[in-house]
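In what follows, a single structure is set out as structure tokens and then discussed.
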Amino acid sequence: MQFNFNEDSRSKFKWGILVLLLAILCTLPLWAPEYFVMVFMLIFLYMALGQMWNLLAGYTGLVSLGQQIFIGLGGYSLAVITELYDLPMLLGLFVGGVISVIFALVISQPIFKMRGVYFTIGTWIAAEALAVFFSNWTYVRSGQGFNITASYDLTTVDIYYIALVVGIGSVALVYFLLRSRLGLALMAMRDNESAAETMGIELYKTKLKCFLISAFVTGVAGGALYLSIAYIQPFAAYSIDWTVAMVFMVIIGGIGTLEGPIIGAVVYVVLKQFLYDYPGISMIILGVLAVAIILIAPKGIMGTLHDRYGIEFLSARRRSKDVESAA
Amino acid sequence: MEIIQSVLNGILLGGLYSGDLVIVSTFLCMIIAAQVTGSLLLALVITICFMAVIGFLLQNFLINKVLDKGDEPPLLVTFGVSIFLSNVLLLLFGADARSIQSPITSSNVISSNLVSVSAVYLLNFVVAVLVIGALHYVMKYTYFGRSIRATSNDVTAAELMGVNTKRIYSYTMCLAMASAAIAGLLVGMTFVFYPSTGTQYLIIAFGVVVIGGMGSLLGTLVGGVILGLAQLLGAYFFGAGYQLLAGYIVLLIILTIKPEGLLSTAARK
Amino acid sequence: MTTENTMLAVDNLNVHYGDFKALHNISLKISSGSVVSIIGSNGAGKSTLLNTIMGINKPSDGTIAFFSKKIGGMPTNQVVAEGISMSPEGSRVFEKMTVEENLLMGAYLKQARQRKDERLEKVYGLFPVLKEKREQHASFLSGGQRQMLAIARGIMTGPKLLLCDEISLGLAPVVIKDIYQKIKEINREGVTIVLVEQDVKRSLKHSDYSYVMLKGKIVMEGKSSELPEDEVRDAYFGVNKYAKY
Amino acid sequence: MNAVLKVENIGISFGSNDVLKSLSFELGENEVLGVIGPNGAGKTVMLNILTGILKPTKGSIIFQGKNITDRTITERCRMGFGRTFQVPRPFEKMTVFENVIVGGVYGDQLREKDAKRRALEVTEIIGLGDKKDWFAGKLGLLDRKRLEIARALASNPKVLLFDEVAGGLTESEVSDILGIVRMVKEQGVSVVWIEHVLKTMREGTDRVLCLAEGRNVICGLPDEVMESKEVHEVYLGAEEE
């Protein structure tokens, strides 16, 4: 069939582009200037953060303002593992993810009892409480914090590859999640929670799974971020600014879409780097941009493109013809 | 005896916690006082007017436009604007810690071996009671206040009474910002503050409202007292560093067991 | 009906909810001082019609004229200021406010504020039970008392036209009788009344003129005393010659 | 009659307001039971109790001999309850096909591969075959209603609960829906169908139950019920003294 042939060649073309893109990104440090590599490293890390916030807010309706909890836990795990115990840096990243999951599991009990805006504020308060607690906890050197010396041995390129794995990994993770059984439930919940529930989807379980997944990835990404920052201190690690960045990225890019956080991360990081010497101004522009986008295109860049033109780059669609040809 | 002191301070502190965007007002107030008027009282009046106008504009031209687009857009617009404002402040004044100086900040009203009450805390308490009293009067006995309550109760029914509800939202924001301005001055006189301190007060303000039950003015006062007490008792038993932590934990516990607030009307279904 | 004393004229009104066309070419006239009833089963579009007159729903096309002033699409608060008031379906009193505060909300508009004392006295005279309970929260009222409060609140705005949406819904017969008695008194004082009802007999009995609605259309109209009841019933259920709608 | 579903004396009150006072009925195997009643009779509340959104303050619901009064929404769905909503709630940013897969995967615990195959069949028989890759948000009202029924059917239900599926449709669309209901019945599914277009009820149901003020007024064959004095009184009002 002519139509099918076209579809096939189009999807081959798409995969070709993706592979090419991946190849460019993998070899980036070989030919691009270091500054460029550093910008892309940040884009990947922020992309991972955005994907995870989007997984919560965009699909399960859990609008969290406390994702910095996991960034802080990830960063501190890295610092403690490498500074206090002299263990390998990669173990630090992994432990950061695991501790984040454990902490997420513990606070999920009380925090899932809160609904809507109460959940939002509850997560934020939990993060602030952690900040205060860490600034008083002598084991983590209280307010003084750590110099993460492990990162001194790493070049930007090393961190770039870690970031690449985390960033591309997070996109792939969400993509395959959406293509899995769980993804079906996630998309259904995003579109209409009460209808999803009457179709037999267990809202609580699904939300918990996403909360734990996002805790893990955010924890690892947090550790990787602190590899590049190299100094951790409680009020910066547990600052709401992290989540504010995630919110901006996702809102600008398009909430509840796979591509939104990617676009958002590029816009956010590039704008911040471009106005690096004027940090206040970049935040002011971001504030204005966010408000403008909500007023003009409340569904963000991708959401609007999708609504108007049906555009999707990374499609997790289940197409009926796949079954027809298989049957 | 120190416990009595803690409790007393807690009660006084509690009166302070109300309103949001507090720090913006603090800065405005401070800068106007220092560079324009030289008088704190006049600066306060100017700040109140300015904040009220900002509140009106924000609600009327931004938030009202996205009200019918779901729960998240209004929240995010508010968010965007507050990021905008706090960064403008950061740009103008830098990230250094500041405090508002006036003769009242360092004196005590009562000084004895048993109990001492600082003048600032007493002032906080008096002003808080006055503001809450005034708000209570407005809400209960004026057409404006009743229309706010009616709108929050049933928007359509309020419209049927001839109320322009979107306008009411704007005026309500005005009122909220004006009280934030007052709180801002008190915060500035009581504590050292930075542009980023706003977060902390936002959380505390929210906590007070949650504990008190949404929309109940007496509740606001009670909520403030509970939080203030929690903080001071936390500081008393575990050391000064744990003051905020104790408050946050109490808030989280209350949110978990009773998300609608402690004093919310039992009639709510 | 003569056109001179027409108070409200609805002409070719259409209303959509998304894809769903709720009202089809509705035209009707309400003359000053009369009691007009709009009869129909639920889903017929009666409440939509009232809500559109009040500006809660927006018409897709057609006009609504009140004393020949076009009010279609006007915001609700302005419609109220023009002199139309509604007791909404399910009363919708302000539960967190006292009875008297509810009534004072009715006197919110400037022109109503000036005459608030006089009107308070009037509605307390009409509904003495509200005076008894004036300091209580509206959430403590019974269904019938809530309905009375909703009507009284509507009168506080000083309307020329009062729209009553299902004021007998879920009430005991004795209470309904009482409320209809009051409606008659209100009408006698010069307020024009529109009753929206599911109950055919009651509507015909208490009104001068009736419209019957079916699936968003007006399928029958006439003087209430002259409408044959079994034909109203056919129209109401959409059977026999009304099945085509 | 072999009852799939037995509702025994259920009642619910919100504060002091008894919305349902006492309601009992049985739904037979392969039966279409219509439920009518004026506004405020408690029809939608009844439906919400059956699907588990609301907990009744008294009474019990027996499904295939098991008491399910305390079961959650999801459990009931997996036991074989499907429903449609008064205002359709399709998953708008998913395709028709994907919408129906959700029914198979979560409502009937199928593997995704089997759910896809079933989704193909169901979209075909419900008449959405040529729109199966459309985004559900782009569908018109009739197709949205079709989709809701298809989604529910894909979960292999024993009982389907229809909340005004014919509301807001034109005459010819209503006859489409009637055809679908007949087809659903042929699949061996029992149906509880709330509707206020009485004529449709007369044509599409086996029995009709009339509710008023939170209790059952009369239950019987459609023609009997529609002609009965009780129903006329409920709708047209009793003779006033």
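Just so we're on the same page: letters track the sequence lines, and every chain starts at 1. All of these numbers come straight from a predicted model, not from anything done at the bench.
Highest contact tally toward chain B, considering only Leu104(C), Thr157(C), Ile56(C), is held by Leu104(C) [criterion: heavy-atom pairs under 4.5 Å]. Options Gly154(C), Ala107(C), Pro75(C) differ in how many heavy-atom pairs under 4.5 Å they form with chain B, and the most are formed by Ala107(C).
Only the side chain of Lys116(C) comes within contact range of chain B, judged by heavy atoms closer than 4.5 Å. Only the side chain of Met54(C) comes within less than 4.5 Å of a heavy atom in chain B; its backbone stays farther off.
Using a distance-only test at 3.5 Å, with no hydrogens or angles considered, no donor-acceptor pair links the side chain of Arg153(C) to the main chain of Leu103(C). Side-chain N or O atoms of His137(C) include one that pairs as donor or acceptor with a backbone N or O of Lys96(C) at under 3.5 Å.
Between Glu95(C) and Arg146(C) there is a salt bridge, with a side-chain nitrogen of the basic residue lying less than 4.0 Å from a carboxylate oxygen of the acidic one.
Interface with chain C: from residues 140-149 of chain B, residues Lys140(B), Tyr143(B), Arg146(B), Ser147(B), Arg149(B) qualify, criterion being any non-hydrogen pair under 4.5 Å.
For Asn60(B), the side chain to side chain donor-acceptor pair (under 3.5 Å) partners at least two apart in sequence or on another chain are Ser170(B). Under the ring-ring contact (aromatic ring centres under 6.0 Å, His included) criterion, Tyr180(C) pairs with His206(C), not counting sequence neighbours. Residues meeting the salt bridge (charged side-chain N to carboxylate O under 4.0 Å, His left out) test with Arg167(B), sequence neighbours left out: none.
Within 6.0 Å of the NZ atom in Lys131(C), the count of heavy atoms belonging to other residues, nucleotides or ligands does not exceed 12.
Taking the ring centroids of Tyr171(B) and Tyr169(B), they lie at or beyond the 6.0 Å cut-off.
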